[in-house]
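Just below is one structure, and these are the notes that go with it.
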Amino acid sequence: MSTSFQNIRGTFDILPDAYSDDGGTRIAPSAEWRHVETTVRDVMRRHNFEEIRTPILEPTELVARGVGESTDIVQKEMFAFERGDTQYVLRPEITAPVVRSFLQHHLAQRGGVQKLFYLGPCFRAEKPQKGRYRQFHQFGIEILGADEARADAETIAVLMAICEALGLSDLDLRLNTLGTPERRAEYVEALRGYLEPYSDELSETSQRRLERNPLRILDTKVEHEQKLLRDAPQLIEFVGEESLAHYDEVKGLLADLGIEYEEDPRLVRGLDYYTETTFELEHPGLGAQSALAGGGRYDRLAEVLGSDAPVPAVGFAAGMERLFLALDAAAVDRPESPTPDVFIAALGDEAEQWVFRTTQELRTAGLHVAHDLKGRSLKAQMKEANRQNAPYTMIIGGNELEAGAATVKEMESGAQEEVGFSELTEVLGRLVEAQKG
RNA sequence: GUGGGUGUAGCUCAGUUGGUUAGAGCGCCAGGUUGUGGUCCUGGAGGCCGUGGGUUCAAAUCCCACCACUCACCCCA
């Protein structure tokens, strides 16, 4: 069997079984995705976050304004198209959509602070590589309406709690503050002033950034540029006292929670909406894509999106694919795929009919029941039961129909017993219960 | 967008200095067992050897182009 079609570049299928792509990256099976998603939802619930689901399709303008015109995402990575007179974009991240939804539906009117989480696919038209896809999956939170340092600290705490619940350790948390947009703007000018004389020595991208977004030059990896930056003005020197106090408070709260971090004055992040606290969570030894999650405060985003009142906000976004890479690297135990409680094998037309009906009854009673649809030999059906790892197999043939009792076989020991049709549900239920306990 | 790597069965991979009908292991299907799985034995299905062109009596093998995938740079989750 074959097809001339294949999945779109930079996307991947999640199958019942794990498999490796051509680069050797393991694609986790659907059961593991479910496990991670369930864990995320569970930790979110414990931290009192509520789920929000927004459309995958958003107006292009929302992303352009929210994420920032100067960002790579908007400049070259959007899957955008036009239909009629509307500009659509496949969302490249979920913070701007959540804030849009928050404003549109006046969620502030629910009262108090809105603690929201999300989980779903995002799209960026980048060149794919290990840990980076064109359709990828993010989960994250947004705390809207709180400017307190506790909101920053809780954001980080939730992220760490999820990683811990998944069994991940040895993570590096890097922390920085960008200050207010006003002070940040002053710094940007100072940095530009410092770098401009060296303009000729900068790489092409850095030269472009010098005009559009000099802050981003800070995380350059070009050695010469790093050398130049050594004597450049430091962002922290421009950060105001209030911001510093806020930052100190965040650090104090993290220390209280026993969360270790490392300060990184160069940590800038690529999205324009960040202010004040920013952070990034890395797993060492993941290659180029070591960032599992990133986030920070974005107190001005709501206003950029048209809100007449400011909405202080903080959040993080984590990449599911990166998480799986980290889980692989750490060789964390994974859940196994669910197996049937019982496999029912049938012999002959009459038995098949009976089995088809009884299977339905057992399933209604809550059992996970498998059976063969193709009327194959008993041997083939037993083989199938074995492959599916069913702990019990029930055999129904002419003898059983005549006796009114099923043959129930315990696969591991091979022991068989007769169970009257009338007590099938009860007995099987009990056996399965005992098996699981 | 710029570099590097790799393309042979569902999967992992052999395939000699170019030489008949392209192989192995695992997996799949069936039989050995007319009603019993896992081990074993036997058989079977499954390949445009990534695509196109070139060299040659002869190409999976040599040359060129293209495509796909992948890793990295950039940037990000």
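- Remark: A:Gln138 is not in phosphate contact with B:rA77, judged by side-chain N or O atoms under 4.0 Å from OP1 or OP2.
- Atom-to-atom, CD1 of A:Ile395 to C1' of B:rU36 comes out at 5 Å; the value is rounded to the nearest Å.
- Phosphate proximity of B:rA77 to A:Arg132: absent, as no side-chain N or O sits under 4.0 Å from OP1 or OP2.
- Comparing B:rU2, B:rU36, B:rU70 against the side chain of A:Lys127 picks out B:rU2 as the nearest.
- Between the CZ atom of A:Arg26 and the P atom of B:rU70 there is a distance of 17 Å, rounded to whole Å.
- Between A:Glu412 and A:Arg134, the residue anchored closer to the 5' end of RNA chain B is A:Glu412, taking for each the nucleotide with the nearest heavy atom.
- Map A:Gln6 and A:Glu321 each onto its nearest nucleotide of RNA chain B; the residue landing nearer the 5' end is A:Gln6.
- Under 4.0 angstrom from either OP1 or OP2 of B:rU12 there lies no side-chain N or O belonging to A:Ser20.
- Ring geometry for A:Trp33 against A:Phe324 counts as tilted: the plane angle lies between 30° and 60°, on a 0 to 90° scale.
- Interface remark: the A:Glu400 side chain does form a donor-acceptor pair with the B:rG35 base, using a distance-only criterion of under 3.5 Å.
- Below the 3.5 angstrom threshold, one finds a donor paired with an acceptor across the side chain of A:Asn386 and the base of B:rG37.
- Summarising the geometry, the separation between NZ on A:Lys76 and P on B:rG1 is reported as 11 Å, rounded to the nearest angstrom.
- Distance alone, capped at 3.5 Å, places no donor-acceptor pair between the A:Arg134 side chain and the A:Thr11 backbone.
- The distance between atom CG of A:Leu159 and atom C1' of B:rA77, rounded to the nearest whole Å, is 11 Å.
- With hydrogens and angles left out, the side-chain atoms of A:Tyr187 and A:Gln234 include no donor and acceptor closer than 3.5 Å.
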Give me the distances for all protein-to-nucleotides 24-29 of chain B N/O pairs that come in under 3.5 Å?
unit_1 : atom_1 : unit_2   : atom_2 : d
B:rC28 : OP1    : A:Arg387 : NH1    : 2.5
B:rC29 : OP1    : A:Arg387 : NH2    : 3.3

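- Between the P atom of B:rC74 and the CD atom of A:Gln129 lies a distance of 10 Å, rounded to the nearest Å.
- A donor-acceptor contact under 3.5 angstrom links the side-chain atoms of A:Lys409 to the base of B:rG37.
- Scanning atom types as modelled, no donor and acceptor separated by under 3.5 angstrom connect the side chain of A:Glu282 and the base of B:rA77.
- Rounded to a whole Å, the CD atom of A:Glu410 is 14 Å from the C1' atom of B:rG38.
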After noting the C-alpha distance and the side-chain angles of A:His47 and A:Phe117, does the key distance pass the ring pair (Phe, Tyr, Trp, His ring centres under 6.0 Å) rule? CA-CA 10 Å; A:His47 285 78; A:Phe117 83 90; over 10 Å; no

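- The CD-P distance, from A:Glu77 to B:rG1, rounds to 13 Å in whole Å.
- Out of B:rG35, B:rA77, B:rU70, the shortest distance to the side chain of A:Thr407 is found at B:rG35.
- You won't find any donor-acceptor pair under 3.5 Å spanning the side chain of A:Gln381 and the base of B:rU36, going by distance alone.
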